[in-house]
Structure formats: C-alpha cells, structure tokens
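Okay, so here's the structure we're looking at.
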Protein chains: 2
Amino acid sequence: MKGLTDRQQEILDLIKSNLENNGLPPTRADIARTLGFKSPNAAEQHLRAIEKKGFISILAGASRGIILNTEEALGIPVIGLVAAGGPILAQENIEKRIPQAHNILSNKIDYYLRVKGDSMVDVGIYENDLIGVNKKNPIKVGSIVIARIGEEVTVKTLESISSNQVVLKAENSEYSNIEINPEKDEIVFEGTCVGLLRDFS
Amino acid sequence: MKGLTDRQQEILDLIKSNLENNGLPPTRADIARTLGFKSPNAAEQHLRAIEKKGFISILAGASRGIILNTEEALGIPVIGLVAAGGPILAQENIEKRIPQAHNILSNKIDYYLRVKGDSMVDVGIYENDLIGVNKKNPIKVGSIVIARIGEEVTVKTLESISSNQVVLKAENSEYSNIEINPEKDEIVFEGTCVGLLRDFS
DNA sequence: TATTATACTGTATATAATCACAGTAATCAA
DNA sequence: TTGATTACTGTGATTATATACAGTATAATA
C-alpha cells in the first residue's frame, strides 16, 4: 500500500468527512463540487488511483459505492498477548478490532493492549483492562509508558530517565522498581497510555 | 416519535445493517430485493412512513439519501452533573454524545455517567472516569449500581437488599456504608455499571 | 527518451435510482 | 361507513450518477 499524494489524501479525507457528517459517501459530482473541479471525471480518476493504492474499494455501478479500507474504518486493533520477538502490532497479536470512536478520548489511540497482572492497581489499572496506547506522544517522566524490555512488554510509570539509567515504577507496593541500563540492556518505548477501557461482566 | 410497525422496524434494521456491513445506505431497490418486494415503491412508501415517525430523514433527490435519526446514530449520551429533580437522561444533563462502538463492551450502554468523588477508588473507579450504565440489567448483590437517593445520584456496590433495608457500600475505607430504609426514604436503582472509560490527558 | 503517474477539462451516455401516479386489499378507529 | 393507516403491485418519467472516451499539461521514472 503505497502512500497517497496530497491531492489524493484530500479526497480520502473528504470521503471520511462525508461519511462522518452525512452518513453516506459522496458522489463524483459531490467531490468535484467541493474541491472545485469542473469535471466529475477528475474525481473519478482520483478515486481509481486511490483504489489502486488500496485505500478504498469502488463498487462498480453502485451510486456512492465507495468503501473505506483504511485502518480507522477497520477499527482499532486490540492486542492480547504479544508473541515473543516480533512487533506488537504484528497480525498474529491482534485479538480483535473495535470501532474507532473518537470523541471518547482526547488522544489518538493506535492500539489497545490488554493488561496482564496487577502491577498498576494503585493508579486504577486492573488485570484485563484495555489500555489505549498512543505511539507518538512524547515520553515524559511521570507518564504511564508501554515499554519493551528485551522480549517482554510491560506497562509502568516512568520514574526517571537518563543515558545510563531508566527507572520504571510499578504502581503497587508489592512490586519493586525496574531499573535498566539502556547502554547494556535493550529498552524500547512503544508508547504512552492515554486511555482505559474496562468491561464489567 | 411514535412506534414503528414490525415491518417498518424490519426496514429500519435493514438500513442499519447495510450501513454497518457495507458502509452506505441501501437504495429502494436494495430494500425491495432483500425483503422480497416486487416493487421498489413498496420500500419508498415504507421509508416515507418511517421518516414521518421521525426515525430517519430522507434527502430529496439524492441516491441512497437515508439518514438515521436513531439514538444509536446520535451516539451515547454522556451525563455530567445531574440536575436536581428531573430524570438523569433529561436533555439538560447531556454533556455530549459519543459514538456507539459495540464490540467494546459486552453489555449495552444506555448512557455514560461522569464519576464525581473518590468513593469507589478501591475497585479502580476514579473521579472523572466515565462509567457505562445499563438500565435493564438485573440488580444483584455485589454489583456496582447507580442509585438515586432522593435527589442525589450515587455509584456504589450493592451490599445487601431487603424490603426494609438497602445497604450501599463505598469502595474506599474512608467512607462508611449508606443504609436506607426503602419504606421510609426513596431509593431508585437507575442501572448497573457495565463498563468504564478513562481519559489520561 | 519513452513511459508512467499525476492532475485535471470537456462531452457524452448508459444505467442507477428517486419518485410520482394509479391501483388492490386488509385492518382499525371515529 | 367513511376515512386513515398499513402493506403492497405495477408502470414510467425524470434526474442523479457512474463511467467511457478524447484531450491537455506537468513532473517523475526507467
């Protein structure tokens, strides 16, 4: 799936906003009108290009037959157990997907991670909760981070960080801090926790 | 907003499932085909009736121009402060709405209620969390209930219940139990807590 | 240098889709 | 028993929409 050009991205965004605001996809004429094209065919050709790159599907013959294939449309992946070695978002780790519903949380959720263990109960994060992870937010002291240490993924509060020592704090008095020397052991920050979902059942 | 007939409900459900599965509303012909009508006009007339009852809007002249006006499409209301007196779901209590995203929680969410105070921290419910409330689940001892005592709405664990005593337990050792005699004081169970959303920001 | 992709205009047409009009039939309330 | 609502069939006009074909122009790629 290659990248879209700026113009193509504009059109994809227009389709998304049309779906969101009006509940249905736009017609070629709608697109042309909104973006100022004088021919609906300009929209047609853009749509073909976007389809070719895999971001949408076009239903032949159907009016407004534009279907999104974007990550947002598929839903946000829920990661259960992380298989040793590979990246967190690898296909085999995806337990299910849940519809993206913005307005719920103020930050973008790249994926949900199912919490194992009780090391964070003192900040109200319990086993089996789903934490919403944002990959791009800056990592700050005091924030709850998702870190990979060697092959293990863990959720902890970042207590302190320097070139030769990272301290991760478990929010449960029964656990002790994890101290890592990044010059010796591998530590990768996968993201920060920006939200939480819990299912009582 | 009057009730729909069975047939009209079927058509409304079909529109919803079309939107969910295909991402766009059906045409009159689609509806006729699916439900076995020999004339697309049958669908047209049903749509008019459903529109008249307020459940959808029809965009004149637009293909697939069917817009849902249902509660699900509007999103789940978020209740902040409950104004004294009236029902929880009164319009003035609705802070905003957030898109319904099923698959997230196993039970139906009728509304979200913003948590005030720290009386439930020991079960991981914090101030400003949004708890998902289901109105119809049976109230059981041990479940977290939303109760209205007089004019106040509170979230507590139901400890015990009998004809002359209801005990509500705060999940925070600094608070004491609330004991109510339903023969003397008014207590209404508004629902049970079936989910939780937290925004870290 | 030829080719491909991008980004359009402009015209035209087949068909997809809405929607009006004319009926039939059953049920229910006034 | 008249009228309204529900639940359709059947036909057809109008228009909304997708989409083919023919161009123009620019930039990037092989």
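This structure is a prediction, so every number in the text was calculated from the model and none was measured. Here is the naming used below: chain letters follow the sequence lines, and residue numbers restart at 1 for every chain.
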With a 4.0 Å limit, can you tell me whether K53(B) has a side-chain N or O closer than that to the phosphate oxygens OP1/OP2 of dT6(D)? yes

Any side-chain N or O of H46(B) below 4.0 angstrom from OP1/OP2 of dT6(D)? no

For T27(A), answer base if it contacts any base atom (sugar-phosphate contacts may also be present), sugar-phosphate if it contacts only those atoms, and nothing otherwise; contact means non-hydrogen atoms under 4.0 Å. sugar-phosphate

Check this for me: does any side-chain nitrogen of one of D30(B) and R64(B) sit under 4.0 Å from a carboxylate oxygen of the other? yes

Calculate the interatomic distance between N41(B) atom CG and dC8(D) atom C1'; express it in whole Å. 9 Å

Side chain Q165(B), main chain S162(B), donor-acceptor under 3.5 Å: no

Separation of atom CG in D30(B) from atom P in dA17(C), rounded to whole Å: 7 Å

Positions of residues 6-18 of chain A (non-hydrogen atom under 4.0 Å from DNA chain C), listed by number: R7(A), Q8(A)

Would you say R28(B) reaches dT18(C)'s phosphate, i.e. side-chain N/O to OP1/OP2 under 4.0 Å? yes

Picking from dC8(D), dT19(D), dC19(C), the nucleotide nearest the side-chain atoms of E44(B) would be dC19(C)

Minimum side-chain heavy-atom gap H46(A)-R28(A) below 4.5 Å: no

Comparing P40(B) with I58(A), nearest DNA chain D nucleotide closer to 5' gives the residue P40(B)

Could you check how far CG of L35(A) sits from P of dC8(C), rounded to whole Å? 8 Å

Taking R48(B) first and then E51(B), would you say they form a salt bridge - that is, a charged N and a carboxylate O separated by under 4.0 Å? no

Does T5(B) have a side-chain nitrogen or oxygen under 4.0 Å from the phosphate oxygens OP1 or OP2 of dT5(D)? no

From CD of Q45(A) across to C1' of dG10(C) the rounded distance in Å is 12 Å

Min side-chain heavy-atom separation V115(B)-M120(B) under 4.5 Å: no

Rounded to whole Å, the CG-C1' distance (L59(A) to dT15(C)) equals 16 Å

Rounded to whole Å, please give me the gap between NZ in K52(A) and C1' in dT6(C). 11 Å

Do N22(A) and L59(B) make a side-chain contact, defined as non-hydrogen atoms from C-beta onward lying under 4.5 Å apart? no

Contact between L168(B) and L158(B) at the side-chain level, heavy atoms closer than 4.5 Å - yes or no? yes

Rounded to the nearest Å, what distance is computed from the NZ atom of residue K38(B) to the C1' atom of nucleotide dT11(D)? 16 Å

Between I144(B) and E171(B), does the side chain to side chain contact (heavy atoms under 4.5 Å, CB included) criterion hold? Intermediate values first, please. CA-CA 10 Å; I144(B) 297 168; E171(B) 300 283 2; over 6 Å; no

What contact category does S39(B) fall into here, base, sugar-phosphate, or nothing, at under 4.0 angstrom with non-hydrogen atoms? base

Phosphate contact (dT5(D) OP1 or OP2) by R48(B) side-chain N/O below 4.0 Å: no

What is the distance from CZ of F37(B) to P of dA25(C), rounded to the nearest Å? 19 Å

Within less than 4.0 Å of OP1 or OP2 of dA16(D), is there a side-chain N or O belonging to S63(B)? no

